[in-house]
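Read the structure below first, then the notes.
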Amino acid sequence: MSRTVKGFVNHKMNNEVYKNKQKVLNFVYELKNQGFKLPYVRVKIGDDKKCNVLAKAKMKKCEIWVTQKAINNGSNELRSVIYHELLHAIYGCEHVKGCLIMDAVQPDVVATKVKAIEIFKKYYNKYN
């Protein structure tokens, strides 16, 4: 597995980066606690210097990179970003225009926790 992705600068691990990584992983655990069987996913925290994205994933490679900008958003926004990247990283799910979590651009109105889990379940069932 690679440790980098084009345009993304990983932050060096320290207490703050560790806390941010835990914020991301809490959404993975949230899904696991709902009964989803998910593989280990490598999580990196950093910044994208090339373009204005909130996070990146390697399709079907179980690796995601999350920006500080995404982490600074509210929890529903961050949840949508993490679920989106997990669907890319685990299943290779493509963008779906109009979907609250799989659109290429995060919508102005983001999914609630219940709605995001419901949407994730739809894709999960499709790929499993």
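All heavy atoms count here, side chains included; hydrogens, waters and symmetry mates do not. Counting begins at 1 with the first residue of the sequence.
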| said: Working note: Asn73 + Val81, criterion side chain to side chain contact (heavy atoms under 4.5 Å, CB included); need CA distance, chi angles, decisive distance, verdict. | reply: CA-CA 10 Å; Asn73 284 338; Val81 168; 5.6 Å; no
| note | Sequence neighbours excluded, the answer for side chain to side chain contact (heavy atoms under 4.5 Å, CB included) partners of Asp108 is none
| query | Would Lys115 and Glu118 pass as an ion pair if we require N to O under 4.0 Å? | reply | yes
| remark: d(Ile64 CD1, Ile82 CD1) to nearest 0.5 Å is 4.5 Å
| message | When you compare the side chain of Glu94 with that of Met59, does any pair of heavy atoms fall below 4.5 Å? | response | yes
| Would you call Lys19 and Gln22 a side-chain contact if the rule is heavy atoms closer than 4.5 Å? | no
| In terms of hydrophobic clustering (I, L, V, M, F, W, Y; side-chain heavy atoms under 4.5 Å; direct or indirect links), are Met13 and Ile71 co-clustered? | yes
| Step-by-step side chain to side chain contact (heavy atoms under 4.5 Å, CB included) determination, Val28 to Val41 | CA-CA 9 Å; Val28 176; Val41 176; 5.6 Å; no
| query | Does Phe120 reach the side chain of Leu86, with side-chain heavy atoms less than 4.5 Å apart? | reply | yes
| Taking C-beta and beyond as the side chain, do His11 and Asp47 meet within less than 4.5 Å on heavy atoms? | yes
| message | If we ignore hydrogens and angles and just use 3.5 Å, is the side chain of Asp103 paired with the main-chain N or O of Gly98 as donor and acceptor? | response | yes
| field | Within 6.0 angstrom of Asn15 CG, more than 12 heavy atoms from elsewhere | value | no
| query | Measuring from Ile45:CD1 to Asn20:CG, what's the distance to the nearest 0.5 Å? | reply | 6.0 Å
| said: Distance check, rounded to the nearest 0.5 Å: Asn10 atom CG versus Lys12 atom NZ? | reply: 8.5 Å
| task | Applying side chain to side chain contact (heavy atoms under 4.5 Å, CB included), run through Phe36 and Asn128 and close with a yes or a no. | result | CA-CA 10 Å; Phe36 296 101; Asn128 283 290; over 6 Å; no
| said: Between Tyr40 and Cys62 (side chain of the first, backbone of the second, donor and acceptor by atom type, cut-off under 3.5 Å), is there such a pair? | reply: no
| Say you draw a straight line from CD of Gln34 to CD1 of Ile117; how long is it, rounded to the nearest 0.5 Å? | 4.0 Å
| query | Would you call Leu38 and Tyr124 a side-chain contact if the rule is heavy atoms closer than 4.5 Å? | reply | yes
| message | Taking side chain to side chain donor-acceptor pair (under 3.5 Å) as the cut-off, I'd like each qualifying pair that reaches into residues 81-90, sequence neighbours left out, listed once. | response | Glu30-Tyr83, His84-His88, His84-His95, His88-His95
| request: To the nearest 0.5 angstrom, please state how far the CG atom of Asn72 sits from the CD atom of Gln68. | output: 4.5 Å
| field | Geometric class of the Tyr127/Tyr91 ring pair [parallel <30°, tilted 30-60°, perpendicular >60°] | value | parallel
| query | Between Val96 and Tyr123, is any pair of side-chain heavy atoms under 4.5 Å apart? | reply | yes
| For Ile101, does its backbone N or O pair with a side-chain atom of Ser80 as donor and acceptor, under 3.5 Å? | no
| query | Judged by atom type as modelled, is there a donor-acceptor pair below 3.5 Å linking the side chain of Gln106 to the main-chain atoms of Glu77? | reply | yes
| field | Full working for side chain to side chain contact (heavy atoms under 4.5 Å, CB included) between Lys61 and Arg42 | value | CA-CA 9 Å; Lys61 299 290 184 191; Arg42 182 183 307 276; over 6 Å; no
| task | For Tyr18, enumerate each residue passing the ring-ring contact (aromatic ring centres under 6.0 Å, His included) test, keeping only those at least two apart in sequence or located in another chain. | result | none
| Least distance between heavy atoms, Val110 atom then Asn76 atom | CG2-CB, 3.8 Å
| Same apolar cluster (I L V M F W Y, side chains within < 4.5 Å links), Trp65/Val43 | no
| said: Nearest 0.5 angstrom please: Phe8 CZ to Lys44 NZ, how far? | reply: 10.0 Å
